Amino acid sequence: MFKKILIANRGEIAVRIIRACKELGAVTIAVYSDADRRSLHVALADEAYHIGPPAPAESYLVIDKIIDVAKKSGAEAIHPGFGFLSENEEFAKRCEKEGIVFIGPSAEAIRLMGDKITARKIAQKSKVPLVPGSDGAVTDVEASGVADKIGYPVMIKASAGGGGKGMRLVRDKEEFESSLRMAKSEARSSFGDDSVFVERFVEQPRHVEIQIIADTHGNTLHLFERECSIQRRHQKVIEEAPSSAISAKTRKKMGEVAVRIAKAVNYSGAGTVEFIMDQKENFYFLEMNTRVQVEHPVTEMITGFDIVKWMVRIADGEKLPFKQKDLEINGWAVECRVYAEDPETNFMPSPGLLQYVKAPSGPGIRDDSSIYSGCEITSYYDPMLSKLVVWADSREAAIDKMASALREYVVLGVKTNIGFLIRVMNNEEFRQGKLDTGFIERHPELLTPGEVDIEPALIAAALAVDDVEETTETEKAPQSNWKLLARKASLSGGSLI
Amino acid sequence: MFKKILIANRGEIAVRIIRACKELGAVTIAVYSDADRRSLHVALADEAYHIGPPAPAESYLVIDKIIDVAKKSGAEAIHPGFGFLSENEEFAKRCEKEGIVFIGPSAEAIRLMGDKITARKIAQKSKVPLVPGSDGAVTDVEASGVADKIGYPVMIKASAGGGGKGMRLVRDKEEFESSLRMAKSEARSSFGDDSVFVERFVEQPRHVEIQIIADTHGNTLHLFERECSIQRRHQKVIEEAPSSAISAKTRKKMGEVAVRIAKAVNYSGAGTVEFIMDQKENFYFLEMNTRVQVEHPVTEMITGFDIVKWMVRIADGEKLPFKQKDLEINGWAVECRVYAEDPETNFMPSPGLLQYVKAPSGPGIRDDSSIYSGCEITSYYDPMLSKLVVWADSREAAIDKMASALREYVVLGVKTNIGFLIRVMNNEEFRQGKLDTGFIERHPELLTPGEVDIEPALIAAALAVDDVEETTETEKAPQSNWKLLARKASLSGGSLI
Amino acid sequence: MTYTLKIKDKVFSIEVDREKEQTFVKINDKEIPVEFEKIDDNLYSIILEGKSLTIGVLKDGKKLQVFMDGDLFIIEAISERDQRKSSQVLSGVQEIKSPMPSRVVKILKDVGDEVTADEGVAVVEAMKMESELKSPIEGKVTEVLVNEGDAVEAETTLLIVSSED
Amino acid sequence: MTYTLKIKDKVFSIEVDREKEQTFVKINDKEIPVEFEKIDDNLYSIILEGKSLTIGVLKDGKKLQVFMDGDLFIIEAISERDQRKSSQVLSGVQEIKSPMPSRVVKILKDVGDEVTADEGVAVVEAMKMESELKSPIEGKVTEVLVNEGDAVEAETTLLIVSSED
């Protein structure tokens with residue numbers, strides 16, 4: 001095992017990786033920007049080195065600085081986490097050049113999957129299903145034939161398009177000609193180019209992805225699927241594993257397809273193959289992420305497999321000790337991403353000082369976070385506060401547990417999406433597993449507290465104001481309960497120690 | 001399911017039960033003494049009722065008061081937790097009389113197992129192995145024959161004895177006559193009664209116990225064993241599941257024996273059959289605890305079975321949905337009991353104000369506790385602060401994880417056994433699984449920090465003192481970091497909300 | 001002591017009576033016995049006729065942040081003078097500021113354009129997300145101080161809207 | 001600024017130099033650059049030549065509780081006068097007190113009995129556990145103020161030991 005590992009990241013994922021490396025017996029090395037001196041990943045690591053100003057482009061993204069710390073500290077390997085340099089081909093190459101192990105796939109695999117067109121080609125070659133379409137611009141004559149072939153509903157999209165302009169949803173053949181005309185005319189006036197292509201319209205799409213784990217000895221396995229359909233702004237908010245929408249047959253097929261694409265690029269380490277899936281379990285390749293995923297914990301919870309530890313072991317040359325047939329799904333896991341953001345104003349980030357944090361705990365509850373009372377959420381980085389993950393023996397029990405756990409969370413100082421997440425857990429459609437990527441847009445009522453009984457909040461506020469008034473009246477300086485208690489302790493039990 | 005459940009307990013087990021009941025959709029009712037108004041179980045419950053002064057005999061042990069709250073609040077069932085009224089036959093009877101469901105076995109089962117002599121008789125009748133012995137006082141003539149029969153080494157014990165007086169360990173037949181003479185003479189002079197009995201001496205005994213779960217439909221299953229040999233003052237400190245000392249064959253046999261004794265008293269709910277086991281896997285019945293055990297989490301971690309939730313479901317008449325053959329052990333779990341006590345002074349309790357608490361978290365870590373910064377550990381109740389439980393895929397990984405997690409714990413205000421627990425995790429004998437109930441006594445070196453590098457502690461102390469001096473010098477009032485940050489926040493990001 | 005609390009647009013009057021052995025709270029014409037304890041600096045455990053509630057409270061200048069069941073409520077404790085003021089329509093000159101360091105993506109209004117209350121006037125991007133900034137009042141844009149594409153610090157004034165002609 | 005810190009019986013001298021841009025600490029004749037931050041009121045993050053340490057510190061009257069890697073160290077910051085005093089043998093009249101509400105199980109010494117430093121003088125029981133109370137000094141028992149079986153409050157004097165004849 002590596003004696004020293006550098007973690008080239010920050011926040012909860014750096015904390016997650018540091019814990020895993022420590023448990024593996026390695027000395028952990030953290031890096032931090034000016035904004036992160038007081039961050040938990042610095043406090044938890046065995047060594048910590050400053051790498052510059054808060055802006056990622058001047059610290060976490062500067063390859064030279066990371067390599068420099070690795071050399072100075074004697075790190076044998078670097079775990080990049082997600083984001084930052086995790087899918088940077090140049091960084092992986094540089095590590096190799098410097099004789100430092102990059103904990104992840106080869107630079108070549110990163111390159112191939114990083115380019116969307118190349119990835120699509122590889123998928124096609126590996127017989128991985130793609131959203132059926134015209135494969136590039138079509139003439140008016142071809143268009144209708146393509147639509148017939150792929151089947152309605154279809155989407156006509158401007159080749160030069162973007163932002164919804166020059167796009168037409170066509171539900172049946174009769175509408176096709178007129179829709180094509182309108183799309184082309186709109187495309188011409190918007191982009192000066194009327195070429196269009198035709199694609200199957202995936203209705204009520206789900207986002208389902210397969211976790212891949214592959215060692216350097218030719219073993220490429222999948223750890224089943226994750227359902228990540230609850231999204232806002234195309235970013236996942238709630239994830240679960242397994243998915244309630246897929247049959248054992250589809251699961252097997254999807255897993256095989258994902259393993260095939262991973263093998264096509266000689267993948268090693270942890271990776272994720274993402275699919276879009278319709279409500280009839282037809283699924284199509286979206287992309288492959290060549291790194292650990294934010295939502296990896298749900299897979300860990302249902303398999304007992306520690307993905308981060310195995311990434312390190314695989315980079316160290318270790319062989320996976322089991323085969324696909326040895327793996328099975330156990331229970332159900334749900335993850336909620338707790339963000340400093342305001343659901344009432346379109347999930348606008350709410351950076352600031354977390355003046356008070358009280359996190360839930362107990363059986364089946366995993367809180368992957370790096371926050372604490374007094375820490376600051378700056379606007380330099382992602383406003384995610386915590387990944388709250390629960391496990392239970394059934395989906396219903398997991399949702400009930402998540403709702404209970406979320407209700408134990410207390411965060412003061414910034415706006416959070418906790419109330420919103422609680423309402424999603426209690427939503428009947430969600431509980432029935434009727435998910436698709438349009439869920440949040442379809443349920444604006446979940447964004448606000450709605451008709452709650454605010455009397456207790458008002459009473460608490462009045463008591464708090466009254467507390468201050470009381471103290472002022474009796475001419476005492478405001479004194480915290482803590483201090484009063486501390487004094488009490490020093491009078492009685494304090495002598496014990 | 002019950003609509004309302006009263007939890008007749010306090011501390012972490014009350015918190016554990018409240019969480020389980022909430023997840024089951026029940027309204028939870030807490031009771032509290034004067035000393036517990038600020039306790040977490042009160043804050044977490046849906047309803048809370050005061051039941052008197054701190055002394056248990058005037059609050060948590062007063063049957064009338066508990067029943068009174070149950071009636072007033074409309075509770076349909078009562079979960080007694082452990083300790084207090086949990087093994088009180090009268091309380092179980094009273095619940096029955098009042099038409100309230102007691103979440104536990106029948107009053108009759110509590111009675112039978114509560115009396116040690118009756119329990120021993122039932123065990124004997126159920127062909128449950130007991131420590132071989134003379135079954136009462138023996139004459140000089142019989143004694144030697146009994147010793148031959150049960151096999152050496154044996155223990156000669158004064159019938160009227162106690163406190164080690166009149167006890168003799170005999171390793172082989174040659175010593176027997178002289179040892180018997182001495183034991184009798186000592187017994188005569190100490191107790192005025194020279195009758196003795198002979199019992200097999202269990203060398204380096206382990207404490208191994210079997211978790212029983214039984215529904216009211218005749219299904220009595222076991223959830224495998226827990227190893228609880230690491231004890232101080234005959235109280236468990238570290239528990240694990242499974243045990244590294246027993247073979248699959250012994251596990252099966254021990255489980256069957258435990259199920260047999262549970263069936264003999266028509267047991268329902270969760271219970272534990274405790275055994276003493278020698279280093280050759282011979283095991284003997286000690287007693288049966290007719291309640292949930294402190295260390296139940298390790299069993300939950302390796303089985304995925306929520307013992308507390310199932311206690312409630314079983315009391316509600318639900319049937320266990322699986323058979324013994326469906327159950328299997330998955331991975332390894334270790335529990336450390338974090339106490340407010342001082343290992344350096346024979347584990348003397350250290351009550352007081354927990355002025356600061358920082359608990360570990362992350363994958364595979366479960367912290368069952370009810371403490372928080374500012375809570376008070378009074379001398380009225382058990383000084384247990386937390387049950388830190390970890391799960392990993394192997395014993396070694398679980399121990400590594402526990403060591404890492406313990407190192408993340410920070411507790412200020414009282415002495416704790418955290419450092420001691422870390423040293424046990426790093427002890428070679430412990431890591432090799434060479435456990436017996438004499439482990440702690442055999443390792444006094446684990447009680448103190450030993451030769452650690454205290455330079456960092458001294459530097460931290462000097463910096464802390466210097467911090468105060470600095471502030472005083474610049475004529476500022478001492479100001480906490482928190483306040484400085486709060487002010488900073490109100491200047492910048494505060495307007496966001 | 002009676003307190004006037006404002007939450008969003010609603011105003012409540014709450015009386016706290018600590019004179020008796022038991023504290024009473026009067027709200028919406030109901031008088032409720034209340035038993036409360038501060039668990040730590042920011043957490044109140046309140047028992048209202050048996051019901052146990054745990055509520056986070058943070059004093060944030062004149063306002064109170066109250067956290068209950070996942071939602072953060074901003075409650076303003078207002079004096080009588082403030083109360084009179086709040087009953088009037090919001091008016092005057094308002095500066096539209098960037099809430100955090102961000103990039104100006106779009107300026108939606110030019111100088112002289114009329115805006116209604118709550119109408120978007122600019123779009124900024126921070127933390128990879130776009131947000132629309134709205135005018136709190138009805139009026140006219142009197143100044144635009146930044147250009148699209150500008151990187152701005154927190155609290156930078158982007159536009160000024162005035163309700164006065 | 002130089003501080004004298006006492007931990008158990010050992011005395012250390014530590015110099016903190018904040019004059020320069022970088023804070024330096026001098027301990028055991030080594031001068032070490034130290035980079036530190038308070039994470040919250042009680043937690044210090046200290047970086048010593050790359051090594052990251054997280055140490056809990058609580059000021060408890062004249063003493064400091066320092067929590068490091070699971071162990072709590074009680075450190076006394078002592079003045080010069082205190083220092084002189086501590087070099088002498090502990091003596092005088094010592095009251096042996098119950099550390100918490102407990103029951104007196106056994107009185108191990110009678111009036112007039114000689115005791116050595118650290119010798120047990122009484123056994124008390126609290127929280128179902130027995131603990132032996134020891135004399136901090138060598139001397140004679142001059143008074144026994146309680147009986148076996150008594151229930152006593154915290155800080156009750158049980159015996160008095162005196163080193164003076």
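Keep in mind that this is a model prediction, so the values were computed, not measured. Just so we're on the same page: letters track the sequence lines, and every chain starts at 1.
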Spacing of A/E87 atom CD and A/R291 atom CZ [to the nearest 0.5 Å]: 4.5 Å

Exceeds 12 heavy-atom contacts within 6.0 angstrom, atom CD of A/E441: no

Residue among A/A457, A/P456, A/P343, A/A460 with most heavy-atom pairs under 4.5 Å to chain C: A/A457

Region of C/Y44 in contact with chain A, defined by heavy-atom distances below 4.5 Å: side chain

A/I454 versus chain C, the contacting section by heavy-atom distance below 4.5 Å: both

Region of A/V452 in contact with chain C, defined by heavy-atom distances below 4.5 Å: side chain

Check: A/Y356 ring centroid to C/F67 ring centroid under 6.0 Å: no

Interface residue of largest heavy-atom contact number with chain C, from A/V411, A/D342, A/V338, A/T378, under 4.5 Å: A/V411

Engaged part of A/T448 at the chain C interface, taking heavy atoms whose separation is under 4.5 Å: neither

Region of C/V25 that comes under 4.5 Å of a non-hydrogen atom in chain A: side chain

Residue among A/I459, A/N346, A/I422, A/L463 with most heavy-atom pairs under 4.5 Å to chain C: A/L463

Ionic contact status for A/D400 with A/R431, cut-off 4.0 Å: yes

Side chain, backbone, both or neither of C/K26 within contact of chain A (heavy atoms, under 4.5 Å): neither

C/V111 versus C/T142, closest heavy-atom pair with distance: CG1-O, 3.7 Å

A/K387/A/E295 ion pair, N-O < 4.0 Å: no

Sidechain-backbone polar pair: A/S373 side chain, A/V357 backbone, donor-acceptor under 3.5 Å: yes

Heavy-atom pair count under 4.5 Å with chain A, highest-scoring of C/L5, C/I32, C/T2, C/T23: C/L5

Ring-face cation of A/R232 near A/Y339 (centre distance under 6.0 Å, axis angle within 45°): yes

C/K51 versus chain A, the contacting section by heavy-atom distance below 4.5 Å: neither

Option in A/N417, A/L421, A/I418 with maximal non-hydrogen atom pairs under 4.5 Å from chain C: A/I418

Toward chain C, the part of A/L406 with a non-hydrogen atom under 4.5 Å: neither

Nearest-0.5 Å distance that lies between atom CG in C/L145 and atom CG in C/L159: 7.0 Å

